[in-house]
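What follows is a set of notes on a single structure, which appears directly below.
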Amino acid sequence: MSSNKISAKINLKDNAYEVIVSKGILNDCGNYISNLEIGNRCAIISDSNVAPLYASKVSESLANKNIKSELIVVDAGESSKSLESVEKICRKMIKTGHDRHVFVIALGGGVIGDLAGLVASVFYRGVPFIQIPTTIVSQVDSAVGGKTGVNTPEGKNLIGSFYHPKIVITDTLTLSSLPEREFNEGFAEVIKHAAIRDKSMFEDIMSVEGYENLDELILKNVETKARIVEQDEKELSGLRAHLNYGHTIGHAIETAGRYGKFLHGEAISLGLIAANKISSQKSNLSDSENEIIIKALKKFNLPTQLDNSVSTQSLIDIMKSDKKFKNGKIRFVILNKLGEAELSEDVSEDDISLAIEALRP
Ligand code: NAD
Ligand code: GLY
């Protein structure tokens, strides 16, 4: 049995879908999936940590609804987010006899969601896709909004697509098995949502104790992201870019660590602090507002300093290969104040270098 179910709708013209949040809903996922009428064969894509914990629950619930599933497991970790993994998975699916009538389930964190979403979008030119997120990052952010992607040595998420799931089934009981570091890193994205849109969320953030009472906060984050994605689905108007607050520098830090030194949220924590510094110079973000963000990051033991093993120049070089600098300036998301973001065209390479240097111990 699952606990009280709460849900949100992502209202996109051609791709509306529901996000359902509940403890224990994994046992019922077959019901929700069978109601979508998207077929009776699927590939469950998961990773080596998540599959042993939760894949049998999903496949049994599907079997109860006469849906046959095959499990495909990749190594846990960011290094699996590669084109090589996409090819391996697609070929495995072809060899298993899957064709355009299959659908794909992503069972895992943001790595699996981004990877499986890309697989679903290219397999036989696109088959239906379902997200079952099992980390904070994926439940509050990556499972919603339809961005899929893989990394290359040059940068993060440089190859990908917009491809929305048919439903997002979020079982917050899965958070009980998340290691502490992985649990904590997820709050970087929650803090980002609070910083760009909803400063009242900082109160909720500061009172988090474990995973048991997170359902409402997770749904609040889904709704925050949904309202942005609904207005700028393909990141064309600049509004959706607000969700990249802290990510320009954060992604470069993640890439420089070769997707191993920092977890995603840890790199974003540093990116947020650097972006705050730039916001205080280019706009009105005050020291006290910056402190509120830093206090929240510290609550989750997220890093606030960057050691010298990564040089500032190497981060700038990564940003240059990943992002467009025009006349030495880059489009950069800044905060005017807590809860209010905007895109600036006035951030230079020097501004970024100084903000990175300010992260040094
Ligand atoms: P992740 O998927 O690597 O999961 C973190 C770790 O936790 C992994 O080792 C995983 O095996 C393990 N794990 C997952 N669920 C577990 C559970 N319930 N119990 C025990 N262990 C579990 O990383 P993540 O932090 O979830 O996601 C980060 C990724 O998400 C990055 O690649 C980032 O770029 C991407 N992302 C994408 C978007 C988007 O909009 N598409 C948004 C934010 C982040
Ligand atoms: N995580 C940024 C976005 O979905 O646009």
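Note: hydrogens, waters and symmetry copies are ignored here, and every other heavy atom, side chains too, is used. We count ligands from 1, going down the list as the structure has it; atoms in each ligand are counted the same way.
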Contact check, Lys225 vs ligand 2, heavy-atom distance below 4.0 Å: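 It does, in that a heavy atom of Lys225 comes within the 4.0 Å cut-off of ligand 2.
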Pair Glu84-Lys88, salt bridge (charged side-chain N to carboxylate O under 4.0 Å, His left out): steps then yes or no: CA-CA 6 Å; Glu84 195 191 339; Lys88 271 193 191 157; 3.7 Å; yes
Nearest non-hydrogen protein atom, atom 1 (N) of ligand 2: Asp141 OD1, 3.5 Å
Protein residue, atom and distance nearest to atom 5 (O) of ligand 2, heavy-atom basis: Arg240 NE, 2.7 Å
Could you check whether any side-chain N or O of [X] sits under 3.5 Å from a backbone N or O of [Y], counting only pairs where one atom can act as donor and the other as acceptor?
| X | Y | answer |
| --- | --- | --- |
| Asn221 | Leu217 | yes |
| Arg240 | Val229 | no |
| Lys337 | Asn284 | no |
| Glu87 | Leu83 | no |

Plane angle bin for Phe300 and Phe187 - parallel if under 30°, tilted between 30 and 60°, otherwise perpendicular: parallel
Ligand 1: protein residues within heavy-atom distance under 4.0 Å: Asp47, Asn49, Val50, Leu53, Tyr54, Ala76, Glu78, Lys81, Gly109, Gly110, Val111, Asp114, Thr134, Thr135, Val137, Asp141, Ser142, Lys147, Lys156, Asn157, Thr174, Ser177, Leu178, Pro179, Glu182, Glu185, Glu189, Lys225, His264
Any donor-acceptor N or O pair under 3.5 Å, side chains Thr152, Glu154: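 Thr152 vs Glu154: donor-acceptor pair found between side chains.
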N-O pairing of Lys220 and Glu223 below 4.0 Å: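 Salt bridge flag = no for Glu223 with Lys220.
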Those atoms of ligand 2 less than 4.0 Å from some heavy atom in Lys147: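 Near Lys147, the atoms of ligand 2 are 2 (C), 3 (C), 4 (O), 5 (O).
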Polar contact flag for Asn244 and ligand 2 (N/O pairs, less than 3.5 Å):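 Min N/O separation from ligand 2 is not below 3.5 Å for Asn244.
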